[in-house]
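Shown next, in structure tokens, is the structure this report addresses.
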Amino acid sequence: MSTSSPAALITPELVALDLVAADRDEATRHLIDLLAAAGRVTDADGFHADVRAREAQMATGMPGGIGLPHARSEHVTVPSLALARVPAGVDFGAPDGPATLIFLIAAPAGGDSDHLKILAALARRLVHESFRDSLRAAPDAATIAEIVTREVAPS
């Protein structure tokens with residue numbers, strides 16, 4: 001194993017299964033806390049403010065039960081993706097109802113191209129119901145991280 005390889009986009013520690021959240025803010029905060037615990041976010045409150053500012057510009061709900069909050073931030077150390085399965089769903093402003101899969105994309109402030117590559121790759125996969133279903137049916141966080149890494153991580 002090379003210690004110089006970039007950090008994985010997502011790891012099992014960045015996956016929340018069966019998250020219970022009252023609203024999008026609470027769900028997002030839970031994912032931010034996972035990123036902070038993993039050392040990928042240096043200031044959870046600061047990053048949360050950046051994500052909320054981005055959400056205020058435009059809802060990030062997508063058809064198919066998807067929430068896609070994202071932000072570039074000086075508080076992010078490495079491009080990262082945290083994911084939550086929220087069986088009861090939370091409203092991210094999608095036209096077809098609440099999100100049951102939430103993907104939080106965290107990119108460093110200077111990481112414009114990384115952020116866009118992750119967003120584009122994820123969006124291309126999310127249009128496929130089979131991809132969404134595989135994440136909803138995955139038995140554990142490790143399986144979810146493996147599926148996302150295989151399907152989304154920039155090569």
Side-chain angles (χ1 to χ4, degrees), residues 7-38 40-41 43-73 75-76 78-108 111 114-154:
L9 180 64
I10 185 171
T11 64
E13 295 75 31
L14 301 179
V15 176
L17 301 176
D18 304 323
L19 180 65
V20 176
D23 56 30
R24 79 174 88 178
D25 204 52
E26 187 177 318
T28 301
R29 183 56 196 233
H30 185 83
L31 291 175
I32 290 169
D33 290 344
L34 294 180
L35 291 168
R40 292 166 177 250
V41 168
D43 177 347
D45 292 335
F47 181 54
H48 197 190
D50 292 339
V51 172
R52 277 199 302 248
R54 174 64 190 81
E55 281 283 317
Q57 293 172 4
M58 178 189 294
T60 56
M62 290 178 55
I66 303 300
L68 203 56
H70 56 280
R72 289 188 310 272
S73 173
H75 307 296
V76 176
V78 60
S80 301
L81 179 65
L83 188 155
R85 275 195 320 217
V86 187
V90 291
D91 181 19
F92 269 84
D96 65 342
T100 54
L101 288 174
I102 300 167
F103 299 83
L104 174 61
I105 299 173
D114 288 337
H115 173 250
L116 294 175
K117 280 182 200 163
I118 296 166
L119 200 53
L122 188 57
R124 280 194 298 273
R125 298 309 302 149
L126 287 172
V127 298
H128 298 285
E129 188 174 358
S130 59
F131 176 67
R132 300 188 310 263
D133 288 348
S134 71
L135 295 174
R136 289 187 177 109
D140 54 40
T143 302
I144 287 176
E146 189 274 325
I147 291 167
V148 172
T149 298
R150 181 180 68 234
E151 298 287 338
V152 177

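With R85 contributing its side chain and R136 its backbone, the two residues share a donor-acceptor pair below 3.5 Å. When atom types are taken as modelled, the side chain of R24 and the backbone of D91 share a donor-acceptor pair closer than 3.5 angstrom. Using modelled atom types, one side-chain atom of S134 and one backbone atom of F131 make a donor-acceptor pair closer than 3.5 Å.
In terms of heavy atoms, P108 sits closest to P79 at CD-N, 3.7 Å. Residues A138 and I144 approach most closely at CB-CG1, 3.4 Å, considering heavy atoms. The minimum heavy-atom distance linking D50 with H75 is given by the pair OD2-CD2, 3.7 Å. For the residue pair L101 and R132, the shortest heavy atom distance occurs at CD1-O, 3.8 Å. The minimum heavy-atom distance linking A145 with P12 is given by the pair CB-N, 3.7 Å. Across all their heavy atoms, L35 and S80 have their closest contact at CD2-CB, 3.6 Å.
In this structure, CG on D23 lies 8.5 Å from OG1 on T28, to the nearest 0.5 angstrom. Note: I118 CD1 to L9 CG = 4.5 Å, rounded to the nearest 0.5 Å. In this structure, I147 CD1 and R125 CZ are separated by 11.0 Å, a value rounded to the nearest 0.5 Å. Annotation: the span from L135 atom CG to T143 atom OG1 amounts to 10.5 Å, rounded to 0.5 Å. Summarising the geometry, atom CG belonging to L83 is positioned 4.5 Å from atom CZ belonging to F103; distances are rounded to the nearest 0.5 Å. Here CZ of R40 is found 9.5 Å from CG of L81. Values are rounded to the nearest 0.5 Å.
Between the side chains of S130 and D133, no donor N or O sits under 3.5 Å from an acceptor N or O.
Ion pairing between D33 and R29 holds under the 4.0 Å rule for side-chain N and carboxylate O.
The shortest side-chain heavy-atom distance between L68 and L119 falls under the 4.5 Å cut-off.
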Go through the steps for F92 and M62 under the test side-chain contact (heavy atoms from CB on, under 4.5 Å), then give the verdict. CA-CA 8 Å; F92 269 84; M62 290 178 55; over 6 Å; no
side-chain contact (heavy atoms from CB on, under 4.5 Å) between V20 and E26: does it pass, once the steps are laid out? CA-CA 9 Å; V20 176; E26 187 177 318; 5.9 Å; no
